[in-house]
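The structure displayed is predicted, hence computed values, not measured ones.
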Amino acid sequence: MMFYHENRKKKYKTGGILGMNIYTTSKVRNVVLLGHGGCGKTTLVEAMAYVSGLVSRQGKVEDGNTISDYDKEEMKRLFSINTSVVPLEWENTKINILDTPGYFDFVGEVEEAVSVADAAVIVVSGKNGVEVGTVKAWELCEKYNIPRMMFVTDMDLDNASFRQALEDMTEKFGKKIAPFHLPIREKEKFVGFVNVVKMEGRKYTSLTEYEDFPIPDYSMENLKIARETLLEAVAETSEEYMDRYFAGEEFTTDEILGAIRAHVRDGGMIPVLIGSGLTGIGARMLLQGLVHYIPSPAEKTIAGLDLKNNEIYQADYKEDKAFSAKIFKTIADPFIGKYSLIKVCSGVLKSDSQIYNYEKSTEEKISKVYIMQGKTPIEVKELHAGDIGAVAKLSNATTGDTLSTKARPISYGKPEISIPYTYMRYKTKNKGDEDKVSGALAKLMDEDLTLKAVNDVENRQSLLYGIGEQQLEVVVSKLFSRYKVEIELSRPKVAFRETIKKKVKVQGKHKKQSGGHGQYGDVHIELEPSGNLESPYIFEEKVFGGAVPRNYFPAVEKGVQESVVKGPLAAYPVVGVKVTLVDGSYHPVDSSEMAFKTATMIAFKKGFLEASPILLEPIVSVKINVPEKSTGDVMGDLNKRRGRVLGMNSGAKGRQVIEADVPMSEMIGYSTDLRSMTGGMGEFSYEFARYEQAPSDVQEKEIKERANKIEKIEE
């Protein structure tokens, strides 16, 4: 079923429903939608789907009926959590739209999408202008060096200001910004646009059609600003144009269009289009821009490693090469099944193909090839190099794996995904659900590479790591709605250590007589700091005259070994202790290895508590990347967290990198606080550095809270 529209005086085929058509590499566009949370990305996707004829009715985020926000959590929370693929057709070209979340906790989804996109559309709300998420989207495009367009949406709203948005973009992103359109309003309604390139007015007669319209007088002032911004962007593309621009010469329309076509693809110009996702106005112009200005995969390069000869494999999205593809995302939904989303890097993937996964050493036949329309798999005959699609139920395949032929095994680099530093403790609500929770979390981790479940054996706790607390809350909700299991999140326990500060000498004697053979062990040991906090203990013996027979030395060390597992102070592991066996006595009949081990444990506990015992807390080295204006707030906050600021270095684009040592216990919940202090622009990472003596108030609180653990050990 194809849709036809009246384009002024001629008819042409614009879009339709995908499935049967085959798209060669040059007829594919892979576009990621980026922007601040709530800026209107998903609504814009719906508008493009409607205008292109993919759907007969435009869905709404509020109604929970959009193509890309299909997950129950997305419908409930009214924002995107997962990246969705929505393929559209326009002018016989397949446009794979990757709709990404805007909230920072779900950055892993964005990074997966950007890793396979050939271009980006950064969506900006005309009401809110450039926001933190806009800047982060731009930085991501810079990092991956992908061409981009800006789309200012919400132009139907009364308080939308394109002029302000344009000024903000030019200030933030420089003279590459090239406004194509300027809004025209009638009776305070957004009805059309001025084509800044051709200096002509257009008024919409329908979602896809418009007619010539005189440029309103009130637009002239803003048009002058927009035109000047466009001409500056054109001038930036060559020295010749720059000289002509400064000489006051005008560029012709053909020269402007030529510069746009040549330099959008290399990132030298950033077109700015306008519209409204809610009304659909402007979606047609965006679709046209994607077809005409952004590169197809045929114009891009990609290289992998040929695992047969260990040489670089230049795939470059060539259709005539052996098949290879990379899995950039996994869907493991109990309702729609498991799908591996792929981008074909070379060759053609057809149904009934034999494919090989080198990472997992598995070869299998795939019966069907799909494209994903949000949550809906649509079977296709084949996928050509550069296209995005899906394969169902691959055994053991995970995100980042490469699929190829066994004759030509290839490996592509895995997507660079943010490391999670926020973590919480979790417990299952219902006894006996541990295995179910473990299985469900494994599936969620297949889908989300920024989610990690860790079993902390030392503190007997299960930990859930993510980018932020909101992500972890969503995980709890998903576990219940998808898999009918419940977990509770709580503050995690921090791994303290115990050690001593002075040297003592103590005796430990274990003597029992209960008829027959008794038990007798007697040791004299010295305890002192070893100076090595990396190791629990050092054991030596300096026994003279056979006071303790040599065959009992291993039993004495075994007593030390068991004593350091849970220290006498707060049941934390002991580190940095030197134990020397110096004397003792034995009984020729009643002494045994068990008796000497027990005597040693008695002596160790007594001596440890006499040797000025202290608690050590873990210290992490933290790097915090923040805008310069936030450095004072961040350093003040670090001081409140008992942190020591070690220095500050200049980062890129007016940012500062603060380095500090901070107690691990003070980093819990830091992600949320840092975002609050920096308006969402702060980023941090940390790694374990060492253990240090905890302040007395921290020690007292910890010892008090752990008193019941000590009682259990004594029992």
Side-chain angles (χ1 to χ4, degrees), residues 34-35 119-126 129-131 134-135 137-142 145-153 155 160-184 193-202 215-275 282 285-286 288-290 292-295 652-654:
L34 303 171
V121 173
I122 300 178
V123 181
V124 179
S125 166
V130 173
E131 300 174 87
T134 319
V135 177
W138 181 276
E139 290 173 349
L140 205 53
C141 291
E142 292 283 288
N145 193 28
I146 58 175
R148 70 219 72 150
M149 299 169 73
M150 314 291 284
F151 188 85
V152 181
T153 188
M155 292 311 301
S161 173
F162 178 70
R163 181 188 60 79
Q164 189 60 54
L166 181 61
E167 285 181 5
D168 291 350
M169 283 187 274
T170 307
E171 184 187 338
K172 281 277 183 189
F173 310 132
K175 294 179 180 179
K176 293 180 179 182
I177 296 297
F180 279 23
H181 301 148
L182 199 67
I184 292 178
F193 62 93
V194 178
N195 185 320
V196 181
V197 178
K198 297 181 179 178
M199 295 294 281
E200 296 171 355
R202 311 277 192 243
I215 300 172
D217 291 340
Y218 68 78
S219 295
M220 288 304 180
E221 188 180 338
N222 287 342
L223 177 57
K224 187 179 177 184
I225 297 169
R227 177 76 175 177
E228 197 61 33
T229 306
L230 172 65
L231 295 178
E232 279 190 3
V234 172
E236 289 283 322
T237 62
S238 76
E239 284 187 23
E240 180 202 337
Y241 281 3
M242 184 66 80
D243 292 340
R244 285 177 57 190
Y245 174 74
F246 281 121
E249 288 184 37
E250 276 289 322
F251 299 120
T252 66
T253 298
D254 286 345
E255 284 173 334
I256 294 171
L257 289 171
I260 291 167
R261 290 193 183 99
H263 295 288
V264 169
R265 298 180 183 208
D266 66 12
M269 287 183 78
I270 315 295
V272 183
L273 280 65
I274 61 172
M285 308 308 295
L286 179 57
Q288 283 184 346
L290 296 178
H292 295 161
Y293 295 127
I294 72 164
K653 296 180 181 176

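Here the CG atom belonging to Asn222 is positioned 7.5 Å from the OG atom belonging to Ser161, to the nearest 0.5 angstrom. Rounding to the nearest 0.5 Å gives a distance of 10.0 Å between CG of Leu230 and CE of Met199. Here CG of Leu257 is found 8.5 Å from OG1 of Thr252. Values are rounded to the nearest 0.5 Å. Between atom CD of residue Glu139 and atom OG1 of residue Thr134 there is a gap of 11.0 Å, rounded to the nearest 0.5 Å. Atom-to-atom distance recorded for Glu200:CD and Asn195:CG is 6.5 Å, nearest 0.5 angstrom.
Contact check for Phe151 versus Ile274: no side-chain heavy atoms found under the 4.5 Å cut-off. No side-chain heavy atom of Ile122 sits under 4.5 Å from any side-chain heavy atom of Met149. Residues Val121 and Leu286 form a side-chain contact, since some pair of their non-hydrogen atoms from C-beta on lies under 4.5 Å apart. Taking 4.5 Å as the limit, every side-chain heavy atom of Phe180 sits out of range of all side-chain heavy atoms of Val272. Using a 4.5 Å heavy-atom cutoff, the side chains of Tyr241 and Glu255 are in contact. By the 4.5 Å heavy-atom criterion applied to side chains, Arg261 and His292 are not counted as neighbours. Under the 4.5 Å side-chain criterion, counting only non-hydrogen atoms from C-beta, Ile215 is in contact with Leu223. A heavy-atom distance below 4.5 Å is found between the side chains of Ile256 and Leu231.
Look at Arg148 and Glu142 and you find a salt bridge, because one of the NZ, NE, NH1 or NH2 atoms lies within 4.0 Å of a carboxylate O, short of that distance. Residues Arg244 and Glu239 are not paired through a salt bridge, judged by the lack of any N-O separation under 4.0 Å between the basic side chain and the carboxylate. Salt bridge status for Lys176 with Glu232: absent, with no side-chain N to carboxylate O gap under 4.0 Å. Classification of Glu167 and Arg163 as a salt-bridged pair holds, one side-chain N sitting under 4.0 Å from a carboxylate O.
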**OP:** Begin with the C-alpha distance, continue with both residues' side-chain angles, and end with the deciding distance and a verdict on salt bridge (Lys or Arg N to Asp or Glu O under 4.0 Å) for Arg227 and Glu250.
**Re:** CA-CA 11 Å; Arg227 177 76 175 177; Glu250 276 289 322; 3.7 Å; yes
Subject >> Test log, rule side chain to side chain contact (heavy atoms under 4.5 Å, CB included), inputs Tyr218 and Ile184 >> reply: CA-CA 9 Å; Tyr218 68 78; Ile184 292 178; 3.9 Å; yes
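Counting all heavy atoms, side chain and backbone alike, Ala137 lies closest to Leu34 at CB-CB, 3.6 Å. Heavy-atom minimum distance, Ala233 versus Ile177: CB-O, 3.6 Å. Of all non-hydrogen atoms in Ala226 and Leu182, the two that sit nearest each other are CB-CD1, 4.1 Å. Across all their heavy atoms, Ala178 and Met269 have their closest contact at CB-CE, 3.6 Å. When all heavy atoms of Val152 and Ala165 are compared, the closest pair comes out as CG1-CB, 4.5 Å. The two residues Pro295 and Ala119 make their nearest non-hydrogen contact at CD-CB, 4.5 Å.
The environment of Glu249 atom CD is dense: over 12 non-hydrogen atoms of other residues, nucleotides or ligands sit within 6.0 angstrom.
Between Phe173 and Trp138, the ring planes are parallel. Angles under 30° get that label, and only those over 60° would be called perpendicular. Taking the six-membered ring for Trp and thresholds of 30 and 60 degrees, Phe193 and His181 have ring planes inclined between 30 and 60 degrees apart.
Looking at Gln164, Met169, Glu171 one by one, the single match for side-chain contact (heavy atoms from CB on, under 4.5 Å) with Val130 turns out to be Met169.
In this structure a side-chain-to-backbone donor-acceptor pair under 3.5 Å is present from Arg265 to Tyr293. Between the side chain of Thr170 and the backbone N or O of Leu166 there is at least one donor-acceptor pair closer than 3.5 Å.
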